[in-house]
S.K.: 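Sharing a structure, written as structure tokens. Questions coming.
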Amino acid sequence: MKVLVTGGAGYIGSHVVRQLAEAGHDIVVFDNLSTGYRWAVTAGELVIGDLANEAEIDQVFSSHRFDAVLHFAANIVVPESVTNPLKYYGNNTRNTLNLLKAVDKYKVPYMVFSSTAAVYGMPEQTVLTEDLPLAPINPYGASKMMSERMVTDLAAASGLNYVVLRYFNVAGANPDGLLGQATPEATHLIKVACECVTGQRGMSIFGTDYDTSDGTCVRDYIHVEDLASAHVMALDYMANGGESKVMNCGYGRGFTVSEVIDVVRRQSGVDFPVTKVGRRAGDPAALMADNALIKKTLGWQPAYDDLETIVGTALAWEAIWQKKKAA
Ligand code: UDP
């Protein structure tokens with residue numbers, strides 16, 4: 001297929017691009033390089049453009065005939081979305097609208113949209129099914145919920161088929177050391193802990209009084225290569241006539257914050273200090289994906305469902321990235 005990958009120079013998009021190329025797809029990456037990198041685009045053509053600019057979007061759609069659009073481009077930092085909500089409603093929601101206008105105009109048949117478990121907000125359950133009510137508690141989650149809705153509404157009114165994937169906690173890196181998370185000012189736990197190992201920063205545990213095994217929050221950490229393979233499988237699924245679906249993407253099991261930090265310390269051999277502070281607003285005690293639907297629908301089977309592997313690849317990448325940055 002000829003595929004457009006927005007945000008293909010970013011962390012998750014770049015891993016997907018590599019797998020799409022391996023599967024034989026013909027790729028155009030559209031990215032403004034605000035948090036992505038040219039080196040991360042290991043296949044296809046890179047078009048530097050901004051989804052805020054409808055003329056730039058039209059230009060890329062009129063120069064190619066896309067069979068599918070995979071839409072990764074977005075801002076993803078929850079605390080920033082609280083202090084600067086309009087950035088999120090602009091870059092995530094409005095820019096998805098801009099993209100959908102072109103998807104509709106050029107009658108692109110398939111779309112894969114990157115959503116998030118943040119659309120569920122603070123659910124009562126700890127294992128989440130896709131049919132739960134959507135109740136995001138921050139602008140990031142709301143911006144993604146609205147984007148999902150636009151995708152599904154357009155599909156209902158047109159020939160568009162979609163797969164929406166709600167990601168849980170994505171971490172780890174390409175095992176060959178080619179790619180990994182290079183996002184500046186990352187806030188996600190495993191990335192932050194890896195930066196502590198190399199002495200770039202310190203860190204805190206947000207809350208030690210949750211109703212969990214050790215008092216710290218439980219999350220469902222999924223390796224980025226397994227998330228990437230779900231996207232490639234989603235394209236095959238739609239091409240084979242599969243109907244549009246919204247699916248969680250996680251392993252269905254979790255680890256506490258303290259467990260994750262212990263693994264990073266043990267594997268790295270660096271006993272970096274951690275400060276215990278109060279709860280971060282909006283953190284539910286435990287969140288895990290019910291992944292029965294994606295396993296059944298796509299036949300998706302994780303290959304890296306192991307915290308040691310997730311942390312090991314993240315640490316290896318962090319060392320490579322520090323050298324790359326210094327060079
Ligand atoms: N967390 C933490 N310290 C950090 C970053 C994260 O204690 O520096 C905790 C956070 O409170 C949550 C878990 O780690 O319980 C995962 O947070 P992250 O921001 O990685 O992902 P989220 O689950 O919020 O999407």
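One-based numbering along the sequence shown. Whatever order the structure lists them in is the order used to number ligands and atoms, beginning at 1.
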S.K.: State which residues pass side chain to side chain contact (heavy atoms under 4.5 Å, CB included) with D58; sequence neighbours excluded, sorted by chain then number.
M.R.: S62, K105, Y106

S.K.: Please check if any side-chain donor atom of Y251 sits under 3.5 Å from a side-chain acceptor atom of D226, or the reverse.
M.R.: yes

S.K.: For residues 77-86, which residue pairs pass the salt bridge (Lys or Arg N to Asp or Glu O under 4.0 Å) check, not counting sequence neighbours?
M.R.: E80-K87

S.K.: Is it possible for you to say whether F72 and I48 belong to one hydrophobic cluster, with membership spreading through side-chain heavy-atom contacts below 4.5 Å?
M.R.: yes

S.K.: Please output the residues near ligand 1 using a strict heavy-atom distance under 4.0 Å, listed in chain and residue-number order.
M.R.: N169, T187, H188, L189, V192, M203, S204, I205, F206, C217, R219, Y221, V257, R280, D283

S.K.: Among residues two or more places apart or on two chains, list those pairs meeting salt bridge (Lys or Arg N to Asp or Glu O under 4.0 Å) that have a residue in residues 88-97.
M.R.: none

S.K.: Which of these, D290, T297, L298, sits in a side-chain contact (heavy atoms from CB on, under 4.5 Å) with I294?
M.R.: L298

